Amino acid sequence: MSEFAFRKSSRLLAGHEFQRVFADAKYKISHRHLLILARPNTLARPRLGLVIGKKNIRLAVQRNRIKRHIRDSFRLRQHNLPHVDVIVLARRELDQLSDEKLQSLLDKQWARLCQQVSRDRLPCAN
RNA sequence: GGAGUCGGCUCGGCAGUCGCUGUGUUUGCGGCUCGGUAACUCACUUGUGUGUUGCCGGGCGAUUCGCGGAGGAAAGUCCGGGCUCCAUAGGGCAGGGCGCCAGGUAACGCCUGGGGGGCGUGAGCCUACGGAAAGUGCAACAGAAAGGAAACCGCCCGACUGUUCUUCGGAAUGAUCGGGUAAGGGUGAAAAGGUGCGGUAAGAGCGCACCGCGCAGCUGGUAACAGUCUGCGGCGAUGGUAAACCCCGUCCGGAGCAAGACCAAAUAGGGAUCCAAUGGCGUGGCCCGCGCUGGAUCCGGGUAGGUCGCUUGAGGUGCAUGGUGACAUGCAUCCCAGAUGAAUGACUGUCCCAGACAGAACCCGGCUUAUCGGCCGACUCCACUU
RNA sequence: UGGGGUGUAGCCAAGCGGUAAGGCAGCGGGUUUUGAUCCCGUCACGCGGAGGUUCGAAUCCUCCCACCCCAG
């Protein structure tokens with residue numbers, strides 16, 4: 001298995017999995033354009049879920065672009081992340097950012113997540 | 001060469017690295033799971049159940065190498081179908097769509113060809129374009145009057161009466177009353193053929209000529225309709241509005257893949273009260289009809305998904321034939337997204353004319369809206385050269 | 001994705017072919033020593049936008065835009 005794969009086991013699939021994270025979001029990272037919620041899981045890897053609402057990002061093309069960038073960024077950094085279930089929510093005007101700005105924004109947010117988790121002395125590769 | 005019209009095609013290219021999804025394939029099963037079968041073990045209600053192992057088949061997960069992987073609008077959801085369930089979608093009322101003619105089509109409000117009207121020098125473009133001689137309604141304000149009319153000012157005639165002039169016959173002018181008149185003024189979006197000549201007290205299709213209009217016929221055309229055609233009608237018979245009601249013709253049953261079908265699991269199939277087989281539900285605005293069935297309220301209890309539908313189709317491409325064309329027919333050939341917390345991408349380099357609008361969700365045919373450019377073909381006008 | 005609805009002043013809204021009611025808020029004035037109450041006046045280059053029908057459109061028709069609701 002390649003170390004940068006991104007299969008279904010690395011995603012949140014069912015509705016109740018999302019509900020668990022929303023109900024008990026231990027870590028919160030807020031930004032003007034997006035919000036990250038996370039909760040430790042019992043697996044040997046992090047998992048990702050996306051909430052990109054039509055209300056905040058109107059055009060389907062932009063929603064797809066944002067989802068691809070978040071997924072790819074997560075895929076390349078999954079071994080540097082703690083074992084948590086993460087939900088990334090898009091906020092208004094996230095589609096105004098260019099590809100490069102979106103990537104650098106995501107890098108910063110992952111780093112902040114690692115900081116928050118390591119403060120709780122949970123396993124983190126960084 | 002410049003300006004323009006119509007139609008068609010296209011929507012960054014290449015290389016590398018890392019991914020996603022569908023499908024086929026390779027390998028390893030010493031991974032998980034389901035079904036069937038055989039042997040053994042244990043239990044007893046003596047032919048069933050439990051557990052272990054072997055074999056066969058299927059599925060999931062991993063792995064190797066291939067192949068396919070957004071659009072012309074995928075959009076808006078404005079129309080038309082297919083498909084599924086409700087009855088095989090049946091009768092009537094109500095309601096709604098469409099509306100020059102002919103054809104194409106599964107069907108359409110779409111397309112093609114033709115006609116009428118409008119725009120443009122032209123190629124061409126635009127066009128909700130049935131009926132107001134069946135009925136009802138509407139037209140504020142203004143205006144005399146807004147529909148089988150009507151006299152406000154004006155014009156003309158008559159009666160009566162006043163004033164002035166007088167050649168005493170009358171003439172001019174004013175008030176009042178009675179009539180004639182739709183030419184002129186003014187109002188309005190709109191006032192009921194136009195121009196000219198005649199005519200008249202003044203006028204008027206009152207008469208005539210030309211133009212326009214209506215009706216009938218003839219000719220051409222499948223038809224809409226057309227005409228250097230013929231005849232009749234003076235044309236106040238017939239104003240406008242039907243994207244007002246309406247009439248005529250024609251079409252439409254309802255819901256939608258969250259339709260619907262199957263598998264598995266969980267819960268429940270319990271209690272109380274009341275009403276009643278001309279009742280209730282399916283069923284949509286209503287009635288008939290058809291099918292199913294006791295129903296309503298309260299208390300109590302409770303939900304977990306998965307598979308199919310799901311892509312081979314009114315399909316694409318090429319050739320031939322018929323047709324002005326939309327299109328049809330025949331033959332050959334190809335398989336071209338099928339996701340489901342939802343794939344079709346990210347990064348790096350490089351080239352150029354520097355990349356617009358924008359993302360499938362059951363599937364097709366249209367319309368409408370958004371849209372930087374690029375390429376090809378046909379045609380028109382203007383200028384110039386030979 | 002499918003189905004349904006609503007847009008009128010800063011806010012709540014009536015009007016559904018004939019010059020756009022009303023209330024709250026705002027602004028100006030009056031009453032009052034001042035304030036509240038009360039009274040009077042004022043506020044829509046035009047009814048979400050663009051075309052069309054009509055003499056005339058917020059109203060009728062067509063196409064767009066924005067927002068909201070329902071179905072898991």
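If you're wondering where the values come from, they're calculated on a predicted model, not measured in any experiment. Computed from heavy atoms alone, side chains included, the values below leave out hydrogens, waters and symmetry copies. Sequence lines set the chain letters: A, B, ... in the order given, protein chains first and strands last, and positions in each chain run from 1.
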Which of the following nucleotides, C:U1, B:G359, B:C347, is nearest to the side chain of A:K54?
C:U1

B:C79 and B:A128: how far apart are their C1' atoms, nearest whole angstrom?
16 Å

Under 4.0 Å between any heavy atoms, over every strand shown, what does A:L12 touch: base, sugar-phosphate, or nothing? Just pick one.
sugar-phosphate

A:D107 bridged to A:R77 by N-O distance under 4.0 Å
yes

Just checking, any donor-acceptor pair under 3.5 angstrom between side chains of A:Q109 and A:R112?
yes

In whole Å, measure the gap between the P atoms of B:A150 and B:A182 for me.
13 Å

Atom CG of A:N64 to atom C1' of B:A337: distance rounded to whole Å?
14 Å

Does A:R58 put a side-chain nitrogen or oxygen below 4.0 Å from OP1 or OP2 of C:C67?
yes

For A:R68 and B:U344, is the shortest distance between a side-chain N/O and OP1 or OP2 below 4.0 Å?
yes

Nearest of B:U344, B:U21, B:C18 to any side-chain atom of A:R75?
B:C18

Between B:G19 (C1') and A:R11 (CZ): distance, integer Å:
11 Å

For the pair made of CD1 in A:I52 and P in B:A342, what is the distance, rounded to whole Å?
10 Å

Sticking with atom C1', work out how far B:G301 lies from C:U6, rounded to a whole angstrom.
42 Å

For B:U368 and B:G254, measure between their P atoms and round to the nearest Å.
26 Å

Considering only the P atoms, how many Å lie between B:G71 and B:U10, rounded to the nearest integer?
11 Å

Taking atom C1' in both C:C61 and C:G17, what distance in whole Å separates the two?
14 Å

Could you check whether the side chain of A:D72 and the base of B:G19 have a donor-acceptor pair of N or O atoms closer than 3.5 Å, going by distance alone?
no

Distance, P atom - from B:A74 to B:C363, rounded to whole angstrom:
12 Å

CG of A:L76 versus P of B:C347: gap in Å, rounded?
10 Å

Measuring from A:R32:CZ to A:R91:CZ, what's the distance to the nearest 0.5 Å?
10.5 Å

If I take atom CZ in residue A:R65 and atom C1' in nucleotide B:U344, what distance separates them, rounded to the nearest angstrom?
17 Å

C:G3 to B:G256 separation - P atoms, rounded to the nearest Å:
7 Å

Tell me whether the side-chain N/O atoms of A:K67 come closer than 4.0 Å to OP1 or OP2 in B:G341.
no

Check the distance between B:C18's P and A:R7's CZ and give it to me in whole angstrom.
14 Å

Whole-Å gap separating C1' (C:C69) and NZ (A:K55)
11 Å

Closer to the 5' end of RNA chain B via nearest nucleotide, is it A:R71 or A:V61?
A:R71

